[in-house]
Colleague: 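Structure in structure tokens, see below.
Numbers restart at 1 for each chain; the letters A, B, ... are given by sequence-line order, proteins then strands. Only this structure's heavy atoms are used, side chains among them; waters, hydrogens and symmetry mates stay out.
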Amino acid sequence: MMNITFPDGAVRQYETGVTALDIAKSISEGLARKVLAAKVNGEVVDATRPITTDATLQLLTWTDTDGKSTMWHSSAHLMAEALEALYPGVKLGIGPAIENGFYYDIDLGGRTITEEDLRKIEAKMVELSKQNSVYTRAEISKADALKYFTEKGDEYKLELINDLQDGTITFYTQGGFTDLCRGPHIPNTGFIKAIKLTNIAGAYWRGNEKNKMLTRIYGITFPNQKELDEYLALVEEAKKRDHRKLGKELELFTFSEKVGLGLPMWLPKGALLRERLQRFLQEAQIETGYLPVVTPHIGNKNLYVTSGHYEKYGKDSFQPIHTPEEGEEFMLKPMNCPHHCELYKASPKSYKDLPVRFAEFGTVYRYEQHGELHGLTRVRGFTQDDAHLFCRPDQVKEEFMKVIDLVLFVFESLGFKNYTAQVSLRDKEDRSKYIGSEENWELAEQAIIESAAEKGLPTVVEYGEAAFYGPKLDFMVKDALGRKWQLGTIQVDYNLPERFELEYIGADNARHRPVMIHRAPFGSLERFIAVLIEHCGGKFPLWLTPTQVKILPISDKTQEYAEKVAAALKKADIRAEIDDRSEKIGKKIREAELAKIPYMLVLGEKEATDNLVAVRRQAKGDLGAMTLEQFTALVNDEVVNRKPFE
RNA sequence: GCUGUUGUAGCUCAGGGGUAGAGCACUUCCUUGGUAAGGAAGAGGUCGAGAGUUCAAUUCUCUUCAACAGCUCCA
């Protein structure tokens with residue numbers, strides 16, 4: 001007998017060699033029908049693997065992330081089985097589970113696959129899943145493994161096996177399909193009830209562009225049709241909220257081939273929104289002790305030689321600008337830090353001056369790869385809400401706390417309620433690649449961990465993810481559709497103060513090196529606005545939205561009254577527009593609704609006579625008539641409190 | 001940068017070897033209408049660009065540019 005400890009702490013005794021599935025059955029049949037895999041002593045394994053020692057056990061179902069990925073991994077195998085049936089001789093690369101579903105990289109040997117073929121493969125998968133084939137695990141020697149795939153003629157699997165240690169190799173078989181796989185897998189194919197193959201793409205074997213390009217088929221599966229339908233609806237909704245589409249529809253920004261790719265241009269409505277956002281952060285920053293600075297868009301090449309960026313990124317950047325003077329070279333600034341370092345050096349600093357916080361909405365230019373450009377989220381020219389804090393090592397924590405406060409204030413004001421923080425620290429083993437003293441790193445890493453904890457941030461710590469110049473903390477937000485985006489970032493930097501020989505005079509009258517902290521709550525205005533657009537589906541909070549009110553006179557007869565109302569709103573600092581076309585009120589309302597204008601004022605003779613406005617709220621409908629004062633108060637309340645659109 | 005798909009009016013898209021079409025938007029006129037599309041007329045495109053095949057190309061072929069999806073990359 002052995003002791004099995006459950007997540008709630010309960011301990012029960014079972015026969016040695018019992019499986020997680022057996023244990024589930026002993027609890028209830030219903031539970032057993034839902035168990036996809038099990039976590040035994042923290043390791044995810046097949047629910048059908050015998051347990052031979054005392055262990056902690058967590059039964060994994062569809063509601064667990066590990067349960068989902070086990071199912072998706074098994075689905076990849078199911079797809080491979082279907083592919084072998086439909087395309088004899090197909091060679092298989094790798095087929096893992098991913099965040100939303102799974103993929104398999106395959107070599108079709110000259111054949112191609114179309115969208116219609118995906119439907120065929122899906123049908124085959126459904127057929128195979130209904131056979132309830134059991135996924136069986138087999139430990140196999142390296143020699144036998146090689147023999148199997150040599151006979152099968154699959155060079156990709158052979159390459160994978162060659163990299164594996166003998167004695168650690170396992171095969172999984174379901175139905176007529178056997179694959180090299182570490183597992184784990186779900187008990188049988190019958191768990192896979194709803195299948196959707198989503199798209200086809202090319203992918204290099206092992207992610208290396210020198211290798212052959214394989215066909216990658218993406219798919220997702222669910223334990224029932226309802227969840228698949230919900231997922232597909234979510235994908236549809238995401239398409240509707242695509243910031244590139246909404247940006248065009250709401251006339252926020254545009255691109256021009258003539259201007260150049262990856263260089264967004266802001267249309268009046270977008271520029272207004274952007275400026276409001278900028279002012280909002282600027283005000284918050286000034287309150288927190290930041291000092292606004294302005295630096296030029298270009299810098300002498302030597303600036304970047306000093307910073308080290310020229311050596312590291314020079315070849316892959318916009319190339320230097322040459323002047324009529326021989327030998328002079330300037331570069332478009334790819335970041336603001338070097339300029340700010342030089343600002344720091346403009347005057348000698350005492351320890352009493354620190355921290356110094358230079359803030360600038362700095363537009364920078366980076367030569368991103370062509371294929372990488374994407375809407376506003378990946379561009380070649382963008383504006384960072386940048387600031388650099390120069391402080392003493394003992395001030396790092398306090399500064400971090402303040403920056404976290406600022407970032408959270410920004411998120412809260414814009415309706416991002418769901419966020420996590422990723423703390424990126426040094427590699428635990430290899431510390432050779434990091435610049436800066438052990439002592440300072442330790443201080444900064446602790447400061448980050450502590451300040452995140454003290455602020456109650458949900459945090460993930462990643463070792464080895466720190467930049468060579470310092471540890472960092474990145475904020476990931478989840479938007480209204482549950483998609484994750486990386487926005488704000490706070491990074492400690494030991495490199496640039498060194499390279500620029502930044503100093504301050506300490507209380508001991510000796511020279512010391514300040515610590516530099518880079519931080520950007522938005523990340524960049526472009527990226528942040530893109531995420532904001534998708535988060536709110538184009539329905540911006542009233543305080544940000546370009547047009548707050550659309551005034552809709554019912555006929556020409558009330559045109560004059562409409563203008564009077566417009567003037568009054570303008571005076572009250574409310575952004576309103578009149579729709580004075582000779583269209584029917586129904587049409588004017590429809591268009592204002594589609595343009596996602598928060599408030600509409602329907603003005604007819606009744607309102608003009610009584611000196612009232614009939615208020616309509618976007619997506620909500622008629623709110624009834626009120627006085628202009630009441631309406632202004634309503635709007636101001638929403639603006640001042642930065643309420644979300646709803 | 002690599003692979004694939006796409007490129008027709010301001011937008012969304014149809015068409016197809018014999019020099020183009022719809023809806024919306026736009027202009028003008030009629031209509032003055034009370035909470036999600038009133039009516040009529042008109043204007044607007046050398047079918048992404050370049051080359052080739054052909055009597056003839058927007059349609060076929062090649063090249064190129066751009067967008068999209070994925071891969072690689074991201075100070």
Colleague: In the structure shown, which nucleotide is the Watson-Crick or G-U wobble counterpart of U19(B), with both distances under 3.5 Å?
Modeller: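 Base-paired to nothing in any strand shown.
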Colleague: May I ask you to evaluate whether Arg244(A) reaches the phosphate of C68(B), defined as a side-chain N or O under 4.0 Å from OP1 or OP2?
Modeller: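 Yes, such a contact exists.
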Colleague: Considering only atom P, compute the distance from A36(B) to A9(B) and round it to an integer number of Å.
Modeller: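 Result for the P pair: 33 Å, nearest Å.
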Colleague: Using purine N1 to pyrimidine N3 plus N6-O4 or O6-N4 for Watson-Crick, or N1-O2 and O6-N3 for G-U wobble, both under 3.5 Å, which nucleotide pairs with G7(B)?
Modeller: C65(B)
Colleague: Can you tell me the pairing partner of U27(B) across any strand shown, Watson-Crick or G-U wobble, with both distances under 3.5 angstrom?
Modeller: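 Check on U27(B): paired to A41(B), both distances under 3.5 Å.
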Colleague: Who is the Watson-Crick or G-U wobble partner of C2(B), with both distances under 3.5 Å?
Modeller: G70(B)
Colleague: Mind checking if Glu605(A) touches a base, just sugar-phosphate, or nothing, with heavy atoms under 4.0 Å?
Modeller: base
Colleague: Categorize Leu261(A) for me: base, sugar-phosphate, or nothing, with a 4.0 angstrom heavy-atom threshold over every strand shown.
Modeller: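 Result for Leu261(A) = sugar-phosphate.
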Colleague: For Lys588(A), which contact category applies under a 4.0 Å heavy-atom criterion: base, sugar-phosphate, or nothing?
Modeller: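 Nothing: the residue Lys588(A), judged by heavy atoms under 4.0 Å, touches no strand.
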Colleague: Over all strands shown, is Tyr218(A) touching base, sugar-phosphate only, or nothing at heavy-atom distances under 4.0 angstrom?
Modeller: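 Counting heavy atoms under 4.0 Å across all strands, the contact made by Tyr218(A) is with sugar-phosphate only.
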Colleague: Any strand counts, and the cut-off is 3.5 Å on both contacts for Watson-Crick or G-U wobble. Which nucleotide pairs with G52(B)?
Modeller: C60(B)
Colleague: Ignoring the backbone of Glu372(A), work out which of U72(B), G38(B), U32(B) is nearest its side chain.
Modeller: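 So the side chain of Glu372(A) is nearest to U72(B).
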Colleague: Of the nucleotides A66(B), U32(B), A75(B), which one has an atom closest to the side chain of Arg366(A)?
Modeller: A75(B)
Colleague: Heavy atoms only, 4.0 Å cut-off, all strands: where does Arg617(A) land among base, sugar-phosphate and nothing?
Modeller: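 Nothing, no heavy atom under 4.0 Å.
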Colleague: With a 4.0 Å cutoff (strictly under), does any side-chain N or O of His370(A) reach OP1 or OP2 of G1(B)?
Modeller: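 So the side-chain polar atoms of His370(A) do come within 4.0 Å of the phosphate oxygens OP1 or OP2 of G1(B), strictly under.
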Colleague: Among G34(B), C73(B), A69(B), find the nucleotide with the atom closest to the side chain of His374(A).
Modeller: A69(B)
Colleague: Donor-acceptor pair under 3.5 Å: do we get one between Tyr313(A)'s side chain and the base of C74(B)?
Modeller: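 Between C74(B) and Tyr313(A), which were checked side chain against base, a qualifying N/O pair under 3.5 Å is absent.
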Colleague: Quick one: which of A36(B), C73(B), U32(B) gets closest to the side chain of Lys557(A)?
Modeller: U32(B)
Colleague: Report yes or no: is the cationic atom of Arg527(A) (NZ for Lys, CZ for Arg) under 6.0 Å from the centre of the six-membered ring of Phe382(A), at an angle within 45° of the ring normal?
Modeller: no
Colleague: Please check if the side chain of Lys157(A) supplies one atom and the backbone of Gly93(A) the other of a donor-acceptor pair under 3.5 Å.
Modeller: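 Yes; at least one donor-acceptor contact below 3.5 Å.
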Colleague: Has the side chain of Ser582(A) got a donor or acceptor atom sitting under 3.5 Å from an opposite partner on the base of U32(B)?
Modeller: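 Not at all, since no donor on one side and acceptor on the other fall under 3.5 Å apart.
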Colleague: What does Gln486(A) touch in the nucleic acid at a heavy-atom separation under 4.0 angstrom: a base, only the sugar-phosphate, or nothing?
Modeller: nothing
Colleague: Return yes if the base of A69(B) and the side-chain atoms of Arg216(A) contain a donor-acceptor N/O pair under 3.5 Å, otherwise no.
Modeller: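 It does not, because no donor-acceptor pair links the side chain of Arg216(A) to the base of A69(B) below 3.5 Å.
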Colleague: Quick check for you: among C2(B), U35(B), A36(B), whose closest atom lies nearest to any side-chain atom of Tyr204(A)?
Modeller: C2(B)
Colleague: Given G34(B), G70(B), A37(B), identify the nucleotide with an atom nearest to the side chain of Ala201(A).
Modeller: G70(B)
Colleague: With Arg380(A) as the cation and Tyr367(A) as the aromatic partner, state whether NZ or CZ is under 6.0 Å from the six-membered ring centre and within 45° of the axis.
Modeller: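 Because its charged atom sits under 6.0 Å from the ring centre and within 45° of the axis, Arg380(A) does stack over Tyr367(A).
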Colleague: Under 4.0 Å: is that the gap between some side-chain N or O of Arg581(A) and OP1 or OP2 of U27(B)?
Modeller: no
Colleague: Counting only side-chain nitrogens and oxygens, does Tyr365(A) get under 4.0 Å of the OP1 or OP2 atom of A75(B)?
Modeller: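 Negative; the distance criterion is not met.
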Colleague: Strictly under 6.0 Å, is that where the ring centroids of Tyr419(A) and Phe475(A) end up?
Modeller: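 No - the distance between ring centres of Tyr419(A) and Phe475(A) does not fall below the 6.0 Å cut-off.
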Colleague: State the pairing partner of G34(B); accept Watson-Crick or G-U wobble contacts with both distances under 3.5 Å, and report none otherwise.
Modeller: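 Across any shown strand, G34(B) pairs with none.
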Colleague: Can a donor-acceptor pair under 3.5 Å be found between the side-chain atoms of Glu607(A) and the base atoms of G34(B)?
Modeller: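 Indeed, a donor on one side and an acceptor on the other fall under 3.5 Å apart.
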Colleague: How close or far is atom P of A67(B) from atom CG of Asp242(A), stated in whole angstroms?
Modeller: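 The distance from CG of Asp242(A) to P of A67(B) comes to 14 Å, rounded to the nearest Å.
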Colleague: Describe the nucleic acid contact of Ser317(A) in one word from base, sugar-phosphate, nothing, applying a heavy-atom distance below 4.0 Å.
Modeller: base
Colleague: Of the options G38(B), C71(B), C74(B), whose atoms approach the side-chain atoms of Arg378(A) most closely?
Modeller: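 Among G38(B), C71(B), C74(B), the one nearest the side chain of Arg378(A) is C74(B).
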Colleague: If you pin Arg380(A) and Ile585(A) to their nearest nucleotides in RNA chain B, which one's is more 5'?
Modeller: Arg380(A)
Colleague: So what does Gly586(A) hit on the nucleic acid, given a heavy-atom distance under 4.0 Å: a base, only sugar-phosphate, or nothing?
Modeller: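 Result for Gly586(A) = sugar-phosphate.
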Colleague: Given 3.5 Å as the limit, does a donor-acceptor pair link the side chain of Asp493(A) with the main chain of Leu496(A), or not?
Modeller: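 Flag set: sc Asp493(A) to bb Leu496(A) pair under 3.5 Å.
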Colleague: Using a 4.0 Å heavy-atom cut-off, does Lys312(A) contact any base of the nucleic acid, only the sugar-phosphate backbone, or nothing at all?
Modeller: nothing
Colleague: Are Gln384(A) and Asn336(A) close enough that a side-chain donor and a side-chain acceptor fall under 3.5 Å?
Modeller: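 There is such a pair (donor and acceptor under 3.5 Å, judged by atom type) between the side chains of Gln384(A) and Asn336(A).
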Colleague: May I ask you to say what Asp556(A) touches in the nucleic acid, namely base, sugar-phosphate or nothing, with a heavy-atom cut-off under 4.0 Å?
Modeller: base
Colleague: Taking the side chain of Lys606(A) as heavy atoms from C-beta outward, which of A36(B), G34(B), U12(B) is closest to it?
Modeller: G34(B)
